[in-house]
Amino acid sequence: MKKGKFYITTAIAYTSRKPHIGNSYEIVLTDAIARYKRLQGYDVFFLTGTDEHGQKIEEYAKQADVTPKQYVDKVAGEIRGICDTLNTTYDKFIRTTDDYHEKTVQKIFKKLYDQGDIYKSEYEGLYCTPCESFWTESQLVDGKCPDCGREVRKAKEEAYFLRLSKYQKQLEEYIEQNDNFIYPESRKKEMLNNFIKPGLQDLCVSRTSFKWGIPVTFDDKHVIYVWIDALSNYITALGYDPDGSSEQYKKYWPADVHIIGKDIVRFHTIYWPIMLMALGEPLPKQVYGHPWLLFGDDKMSKSRGNVIYADDLVKLLGVDAVRYYLLAEMPHANDGSITYKTIIERYNSDLANTLGNLVNRTIAMSGKYFDGKVMSPEWEEEIDDELKKAAANMVESVDKYINSYRMADAVEAVMNFAKRCNKYIDETTPWALAKDESKKGRLGTVLYNLLESIRYIAVLLSPFMPDTSKAIFEQMNSDENSYDSLSQFGVLKPGTVVGTPTPLFARIDSEKMLAEIEEAQKKAAASEKTIEEIEGVARIGIEDFAKVDLRVAEVKDCVPVKRAKKLLKLTLDDGTGKDRTVASGIAPWYKPEQLIGKKVIVVSNLKPATLCGVESCGMILAADCAENDVKVVFVDGMPNGAKVR
């Protein structure tokens, strides 16, 4: 029975690189919610997709020597492939390079401009290239980008702006009057107290410094910046159009919930609602900012085995085991963690020992004692009522937890009931009952209760582990898999003949598998080392190179470092407005007066290091030209702060 519509979305993934397992949590979380709502009878529309424009993409494509479209086509294909590998049931996969999306975004921009909510001005501020964001001095954290912690530079650029300030009071009132709009509560307080109440500044929504974006139709120097482009996907995917929206849009909008990472709550609860207010459209009912899945406590490293991709894990353990871990391991309010060791441990304890063992031995006993035939329950005892009550409590708990996005608690509720069923087997001792012909009726009742309990488990597992749920129903030879069938214990039909017991999850030899993984990693590392030794250079990826921030800087002052024959202390102007100190071991080749006034290239995001009492914040580039001959790379004529690519 249909219960109305339910529109759910993920954030669209940025097409900079293949997503790791931490990025994959969101799509599995959203899919589990969507599947559960469908199970309950809702008309669900589930949207996901990719965000494909921006300066970073343009730079990545240039480094890869391909066009931006070729670059995003490849990465978008990888992202969609992982969604499919994880058995997610999205109804639409939007790409912001889709023609219909680009045309609608241009219309949205023009509408907001025509009504005065977008205006043209000039932006002068501190710019973070990796985040593609402008910041004010007060927004910086320790003088660096508040989002990524990298260096910022002064920049000035003509731009169009969205009047956030115009809608500040309206947004503040909306959030305070709609308690569940931002969830959980901690995110709501953060948005109100840290961002909205201190005062909203108008938002830069166009750029002129790169071309890989949707052009502004009435000003070809500008491309539409990420906020209006990416955030609009939630309505363009449904057929929103300022000139007249589709029936699908009218049916499903507003979204029931946007599922997003905690790092982008500000964009979805400030920028996006104000855009919708300006367009005269309803706001989404809820925005849920989930925590992150981390890679243990170690730095991400292939050799350590903590860079994990979803498709690799699926090959190792199977789709449902990966889905189960992602959902079971993530706490509601805190970040989760994943390592090969922890996922194997949970696989063995929960899936092989608890769930797999319950299903296997119950169906095996049905085959052994009654030739697989499901008997009518005819000998009830008090302990049976306890089991039935536990089944009803599981249904109630799962519903409560999923509706508050406490997925780990929902999964745990199902697994706890499976443990209760295993305990019920130990309490009722079917093998002992089978030895007494006069207790056949009691034995048949016990096995019926176990099979019916397993059916309950299979129904509620279907949003989390759809293939496992299907396999359980096949072994039970039952199609009683609706949510409504859980309203009363005893739906399983007596006389049904169960199938042959087949293990759902074979127990893993943890030590053996971890050793195999470690050996594979060593071989991969050795292969990379061989290439380095042959070519005399370490191979790095585009992403690694992009982490190095090279800037043009002018030497304002230079003095020898006391007690250090090789070091010079350079004071640099790198365009940020603050002097940068660098200690460089070039004293044997340069006198201070030879360097003052020269332009050099500095690695600006190097961690500070103290050398002979001087805190050095960077490194200047120099070349070994011959034995005992070093020359600094000079770039006179370039502006201070210019990025070197």
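In this text the structure is predicted, and so the values were computed from the model without any measurement.
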Task: Check: D549/S604 side-chain N/O donor and acceptor closer than 3.5 Å - done: yes
- [ ] Identify which one of R207, K120, K221 satisfies the salt bridge (Lys or Arg N to Asp or Glu O under 4.0 Å) criterion when paired with E157.
- [x] R207
Task: Y42-D256 side chain donor-acceptor pair, cut-off 3.5 Å - done: no
- [ ] Decide, yes or no, whether a salt bridge links D243 with K107 under the criterion of side-chain N to carboxylate O below 4.0 Å.
- [x] yes
- [ ] Report the residues that fulfil salt bridge (Lys or Arg N to Asp or Glu O under 4.0 Å) with D65, sequence neighbours left out, ordered by chain and then residue number.
- [x] none
Open item on the list: Do the side chains of E58 and K211 get close enough for a salt bridge, i.e. N-O under 4.0 angstrom?
Closed with: no
Task: Parallel, tilted or perpendicular: rings of Y483 and Y36 (30°, 60°) - done: perpendicular
Open item on the list: Are more than 12 heavy atoms, taken from residues, nucleotides or ligands other than Q248, located less than 6.0 Å from that residue's CD atom?
Closed with: yes
TODO: Taking only Lys NZ, Arg NE, NH1 and NH2, and the carboxylate oxygens of Asp or Glu, determine whether K400 and D409 approach each other closer than 4.0 Å.
DONE: no
TODO: Just do the side chain to side chain contact (heavy atoms under 4.5 Å, CB included) check on R17 and Y60 with the steps written out, would you?
DONE: CA-CA 9 Å; R17 59 183 64 87; Y60 282 136; 2.6 Å; yes
Task: Short side-chain donor-acceptor distance under 3.5 Å, H258 and Y7 - done: no
Open item on the list: Using ring centroids (six-membered ring only for Trp), state whether H222 and Y160 fall under 6.0 Å.
Closed with: yes
Open item on the list: Run the salt bridge (Lys or Arg N to Asp or Glu O under 4.0 Å) test against D98 and tell me which residues pass, sequence neighbours left out.
Closed with: none
TODO: Would you check if there is a donor-acceptor pair between the side chains of S404 and R406 at a distance under 3.5 Å?
DONE: no
Task: Reference residue Y90; test side-chain hydrogen bond (donor to acceptor under 3.5 Å, both in side chains); the match among T30, D84, T10 - done: D84
TODO: Report the C-alpha separation of D43 and K3 in whole Å, then their side-chain angles, then the decisive distance to 0.1 Å, and conclude whether the salt bridge (charged side-chain N to carboxylate O under 4.0 Å, His left out) test is met.
DONE: CA-CA 7 Å; D43 177 4; K3 294 186 176 181; over 6 Å; no
Open item on the list: Can you confirm whether the side chains of Q168 and S165 place a donor and an acceptor under 3.5 Å from each other?
Closed with: no
TODO: Please determine, by modelled atom types, if S462 and S469 share a side-chain donor-acceptor pair under 3.5 angstrom.
DONE: no
Task: Close side-chain approach of I224 and V205, heavy atoms under 4.5 Å - done: no
Give every donor-acceptor pair under 3.5 Å between a side-chain atom in residues 318-331 and any protein atom, sequence neighbours left out.
| residue | atom | partner | partner atom | Å |
| --- | --- | --- | --- | --- |
| D320 | OD2 | D467 | N | 3.1 |
| D320 | OD2 | T468 | N | 2.6 |
| D320 | OD2 | T468 | OG1 | 2.7 |
| R323 | NE | F464 | O | 2.8 |
| R323 | NH1 | D31 | OD2 | 2.9 |
| R323 | NH1 | L86 | O | 2.9 |
| R323 | NH1 | N87 | O | 3.3 |
| R323 | NH2 | D31 | OD2 | 2.8 |
| R323 | NH2 | P463 | O | 2.9 |
| Y324 | OH | D350 | OD2 | 2.6 |
| Y325 | OH | S337 | O | 2.8 |
| Y325 | OH | T342 | OG1 | 2.8 |
| E329 | OE1 | R346 | NE | 2.9 |
| E329 | OE1 | R346 | NH2 | 3.2 |

Open item on the list: Testing the basics here: between P284 and W272, what is the closest heavy-atom pair and its distance to 0.1 Å?
Closed with: CG-NE1, 4.0 Å
Task: Electrostatic pair E52:R95 at N-O distance under 4.0 angstrom - done: yes
Open item on the list: Minimum heavy-atom separation for D335 and P291, please, with both atom names.
Closed with: OD1-CB, 3.5 Å
TODO: Fit a plane to each ring of F109 and F218, take the angle between them on a 0 to 90° scale, and name the class: parallel (under 30°), tilted (30 to 60°) or perpendicular (over 60°).
DONE: tilted
Open item on the list: Please enumerate all residues that pass side chain to side chain donor-acceptor pair (under 3.5 Å) together with Q115, with sequence neighbours excluded.
Closed with: D117
Task: For T96 against A230, the heavy-atom pair lying closest together - done: CG2-CA, 4.4 Å
- [ ] Quick one: sort the Y25 and H290 rings into parallel, tilted or perpendicular, breaks at 30° and 60°.
- [x] perpendicular
Open item on the list: Check this for me: does any side-chain nitrogen of one of E247 and K250 sit under 4.0 Å from a carboxylate oxygen of the other?
Closed with: yes
TODO: Answer with yes or no whether the side chains of Q286 and Y405 bring together a donor and an acceptor at under 3.5 Å.
DONE: yes
Open item on the list: Applying salt bridge (Lys or Arg N to Asp or Glu O under 4.0 Å), can you list everything that pairs with E137, at least two apart in sequence or on another chain?
Closed with: K578
Task: Taking every non-hydrogen atom, the tightest pair across F473 and E480 - done: CE2-O, 3.5 Å
- [ ] Give the intermediate values and the outcome of side chain to side chain contact (heavy atoms under 4.5 Å, CB included) for residues Q40 and D399.
- [x] CA-CA 10 Å; Q40 289 188 312; D399 187 62; 2.8 Å; yes
Open item on the list: Quick check on the 6.0 Å ring-centre criterion: do W253 and Y240 meet it?
Closed with: no
TODO: For E176, enumerate each residue passing the salt bridge (Lys or Arg N to Asp or Glu O under 4.0 Å) test, keeping only those at least two apart in sequence or located in another chain.
DONE: K197
